[in-house]
**Student:** 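What follows is a single structure, and I will ask about it in a moment.
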Amino acid sequence: MSYRISSIDFEDFILSSNECNCWQHNIPNDLGIIKSNKQIIEDNIFMFKTSASINKKLEIKSFSKVSGLCIAINLEDDVIYTDNSNSSKLLFKKDEILIKYVNSYDGSIIFDNSTKTKSLCLVIRDSFLEKYFFKGFNNTKLLRKNFQNHISTNIKKSLASYKTKILANELYNSPYEGDLDTLYLQSKAYEIIYSEFKDIFNLNKENICTCKKVKFNSLDIESLKKAKELILSSQKVYSISDLSKKVALNEFKLKLGFKELFNTTPGSLVLEARMQKAKELLSTGEYNIAEVSSIVGYKHQQSFTVAFTKYFKVNPKELIKNRTYYF
């Protein structure tokens, strides 16, 4: 089933420079509700906090003249975005970030049954981009050409970094009001923008890097960054083999890419994740050493004990005896 949102009220809400900061649309026949809250970070940066509760599988079509660089972070439930301007159809998963440069938006969002979504979007106008973005981006001509032809340019789509996810949630759930809220939102929004601009500029430089005659293209580099984020932020402890399959990059490229891009190895980060998880579990007093050893992926308790003692300079038994021990 498809449904088109009337663009007039929605455009007034998006394009207005006034603090008309709330928009709500009830979809007929009890199909769901969409809400959006707009806040002005500065003259050229707008923030939209949008939530939707959809009761049935539904495609919502819309058109708006919003323009600029859009940094969107999906905070809850997967959706599918279609963009008629560049004929793209993207699965936008929870905790992913999508950055695109648009002149107008003509597309749709496809919701699955009983979907509840939350997303945060920063829209950055050209005046800000001229000063801080275009000079550092290595294919500005393509951006401008597509913009003139009303074609959206997808710049980045990946798992959001742990830092960006934290900042996005802090922005979405600001605990303040008034002037303090304004200051809080500005600081967090600028931090996301700085971090993502820096990442895009680095990706431009790294687009093709040659490491001992092995070439890494932009997709390989995105996979390496995703692998690093999975190790550092996931509750699951990954083996190198599992990680390789998860990011669709062979183990050789994974290991070599980590050394070249991050000056470390995936094994070192996996070990760090295992040890930190083990320390956390042992400190709760709810698990014995054998249980923790199994949880963090060791087949033999003795191997775990040796690794833990070497990493923290203390035997896991001593940690259990004295839970006030600090590292």
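Everything quoted here is computed from the prediction, not taken from an experiment.
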**Student:** Give a yes-or-no answer on whether the side chains of Ser158 and Glu96 include a donor-acceptor pair shorter than 3.5 Å.
**Tutor:** no
**Student:** Distance to the ring centre below 6.0 angstrom and angle to the axis at most 45 degrees; does that hold for Lys279 and Phe308?
**Tutor:**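 Negative - Lys279 is either too far from the ring of Phe308 or too far off its axis.
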**Student:** Restricting to non-hydrogen atoms, name the atom on Ile231 and the atom on Pro266 that form the minimum distance, rounded to 0.1 Å.
**Tutor:**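 In terms of heavy atoms, the two residues are closest at CD1-O, 4.1 Å.
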**Student:** Looking only at atom types and distance, does a side-chain atom of Gln148 sit under 3.5 Å from a main-chain N or O of Lys145, one as donor and one as acceptor?
**Tutor:** no
**Student:** How many angstroms lie between CD in Gln302 and CD1 in Ile289, if you round to the nearest 0.5 Å?
**Tutor:**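 Nearest 0.5 Å value for the CD-CD1 distance: 10.0 Å.
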**Student:** Could you walk me through whether Asp106 and Ser85 pass side chain to side chain donor-acceptor pair (under 3.5 Å), step by step?
**Tutor:** CA-CA 7 Å; Asp106 180 14; Ser85 74; over 6 Å; no
**Student:** Are Lys38 and Phe46 in a cation-pi setup, meaning NZ or CZ lies under 6.0 angstrom from the ring centre and within 45 degrees of the ring axis?
**Tutor:** no
**Student:** I need the Ser223 OG to Leu243 CG distance, nearest 0.5 Å.
**Tutor:** 10.0 Å
**Student:** Decide whether Ser161 and Glu229 meet the rule of one side-chain donor and one side-chain acceptor closer than 3.5 Å.
**Tutor:** no
**Student:** Could you tell me which non-hydrogen atom of Phe304 sits nearest to which non-hydrogen atom of Ala278, and how far apart they are?
**Tutor:** CE1-CB, 3.6 Å
**Student:** Do any side-chain atoms of residues 70-80 form donor-acceptor pairs under 3.5 angstrom with protein atoms, and if so which ones, sequence neighbours left out?
**Tutor:**
{"from": "Asn74", "atom 1": "OD1", "to": "Glu76", "atom 2": "N", "distance (Å)": "3.3"}
{"from": "Asn74", "atom 1": "ND2", "to": "Asp77", "atom 2": "O", "distance (Å)": "2.9"}
{"from": "Asn74", "atom 1": "ND2", "to": "Phe92", "atom 2": "O", "distance (Å)": "3.0"}
{"from": "Asn74", "atom 1": "ND2", "to": "Lys93", "atom 2": "O", "distance (Å)": "3.2"}
{"from": "Asp77", "atom 1": "OD2", "to": "Lys116", "atom 2": "N", "distance (Å)": "2.9"}
{"from": "Asp78", "atom 1": "OD1", "to": "Lys94", "atom 2": "N", "distance (Å)": "2.9"}

**Student:** Can you tell me how far CG of Leu269 sits from NZ of Lys228, rounded to the nearest 0.5 angstrom?
**Tutor:** 7.0 Å
**Student:** Centre-to-centre under 6.0 Å for Tyr105 and Phe63, is that the case here?
**Tutor:** no
**Student:** Looking at every heavy atom in both Gln301 and Ser293, which two are closest together, and how far apart are they?
**Tutor:** CA-OG, 3.6 Å
**Student:** Which distance, rounded to the nearest 0.5 Å, do you find between the CG of Asn146 and the NZ of Lys100?
**Tutor:** 11.5 Å
**Student:** Would you mind writing out the side-chain donor-acceptor pairs for residues 181-189 within the sub-3.5 Å range, not counting sequence neighbours?
**Tutor:**
{"from": "Asp181", "atom 1": "OD1", "to": "Ser174", "atom 2": "OG", "distance (Å)": "2.5"}
{"from": "Asp181", "atom 1": "OD2", "to": "Gln39", "atom 2": "NE2", "distance (Å)": "3.4"}
{"from": "Thr182", "atom 1": "OG1", "to": "Gly178", "atom 2": "O", "distance (Å)": "3.4"}
{"from": "Gln186", "atom 1": "NE2", "to": "Ile41", "atom 2": "O", "distance (Å)": "2.9"}
{"from": "Ser187", "atom 1": "OG", "to": "Leu183", "atom 2": "O", "distance (Å)": "3.4"}
{"from": "Ser187", "atom 1": "OG", "to": "Tyr184", "atom 2": "O", "distance (Å)": "2.7"}
{"from": "Lys188", "atom 1": "NZ", "to": "Glu170", "atom 2": "OE1", "distance (Å)": "3.0"}

**Student:** Where is the tightest heavy-atom contact between Thr284 and Leu281, given as atom of each residue plus distance?
**Tutor:**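 Residues Thr284 and Leu281, closest heavy atoms: OG1-O, 2.6 Å.
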**Student:** Between Lys156 and Asp199, is there a salt bridge with N-O shorter than 4.0 Å?
**Tutor:** yes
**Student:** Check for a donor-acceptor pair, side chain of Asn217 on one end and backbone N or O of Asp220 on the other, with a separation under 3.5 Å.
**Tutor:** yes
**Student:** Go through the steps for Lys163 and Glu191 under the test salt bridge (charged side-chain N to carboxylate O under 4.0 Å, His left out), then give the verdict.
**Tutor:** CA-CA 10 Å; Lys163 178 181 179 181; Glu191 198 168 352; 3.6 Å; yes
**Student:** Step through it carefully: locate the ring centre of Phe133, locate the ring centre of Phe197, and say whether they are under 6.0 Å apart.
**Tutor:**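 So the answer is yes for these two rings.
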**Student:** Can a side-chain donor-acceptor contact be found between Asn103 and Ser67 if the only test is distance below 3.5 angstrom?
**Tutor:**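 Not at all, the side chains of Ser67 and Asn103 share no donor-acceptor pair under 3.5 Å.
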**Student:** Assess whether a salt bridge exists between Arg125 and Asp43, defined as any Lys/Arg side-chain N lying under 4.0 Å from an Asp/Glu carboxylate O.
**Tutor:** no
**Student:** Hey, is the main chain of Phe137 close enough, under 3.5 Å, to the side chain of Thr140 for a donor-acceptor pair?
**Tutor:**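 A pair under 3.5 Å: yes.
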**Student:** Is there side-chain contact between Leu319 and Ser283, with at least one heavy-atom pair below 4.5 Å?
**Tutor:**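 Yes, at least one pair of side-chain atoms sits under 4.5 Å.
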**Student:** Can you tell me how far CG of Leu282 sits from CE of Met275, rounded to the nearest 0.5 angstrom?
**Tutor:** 9.5 Å
**Student:** Would you say Ser195's side chain and Ile192's backbone share a donor-acceptor pair under 3.5 angstrom?
**Tutor:** no
**Student:** Give, for atom CD1 of Ile109 and atom CD of Glu59, the distance between the pair rounded to the nearest 0.5 Å.
**Tutor:**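 If we round to the nearest 0.5 Å, Ile109:CD1 and Glu59:CD are 10.0 Å apart.
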**Student:** Classify the side-chain pair Asn154/Tyr81 by whether it contains a donor and acceptor separated by less than 3.5 Å.
**Tutor:**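 Short answer, no.
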**Student:** Is it true that the NZ or CZ of Arg144 lies under 6.0 Å from the centre of Phe134's six-membered ring and within 45 degrees of the ring axis?
**Tutor:**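 Yes.
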**Student:** What are the two closest non-hydrogen atoms of Ile193 and Leu122, and how far apart are they?
**Tutor:** CG1-CD1, 4.0 Å
**Student:** If hydrophobic clusters are built by linking Ile, Leu, Val, Met, Phe, Trp and Tyr wherever their side-chain heavy atoms come under 4.5 Å apart, do Val102 and Ile97 end up in the same one?
**Tutor:** no
**Student:** Please give me the minimum heavy-atom distance between Asn113 and Lys57, naming the atom from each residue.
**Tutor:** OD1-N, 2.7 Å
**Student:** Is it true that the side chains of Tyr311 and Glu272 contain a donor and an acceptor less than 3.5 Å apart?
**Tutor:** no
**Student:** Just so I know, are the side chains of Asn44 and Leu129 near enough to count as touching, which here means a heavy-atom distance under 4.5 Å?
**Tutor:** no
**Student:** Between Glu222 and Lys157, does any NZ, NE, NH1 or NH2 come within less than 4.0 Å of an OD or OE carboxylate oxygen?
**Tutor:**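 Salt bridge flag = no for Glu222 with Lys157.
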**Student:** Determine whether the side chains of Ser119 and Thr50 contain a donor N or O and an acceptor N or O closer than 3.5 Å.
**Tutor:** no
**Student:** For residues Ile200 and Ile99, determine if any side-chain heavy atom of one lies less than 4.5 Å from a side-chain heavy atom of the other.
**Tutor:**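 Answer yes - side chains close enough.
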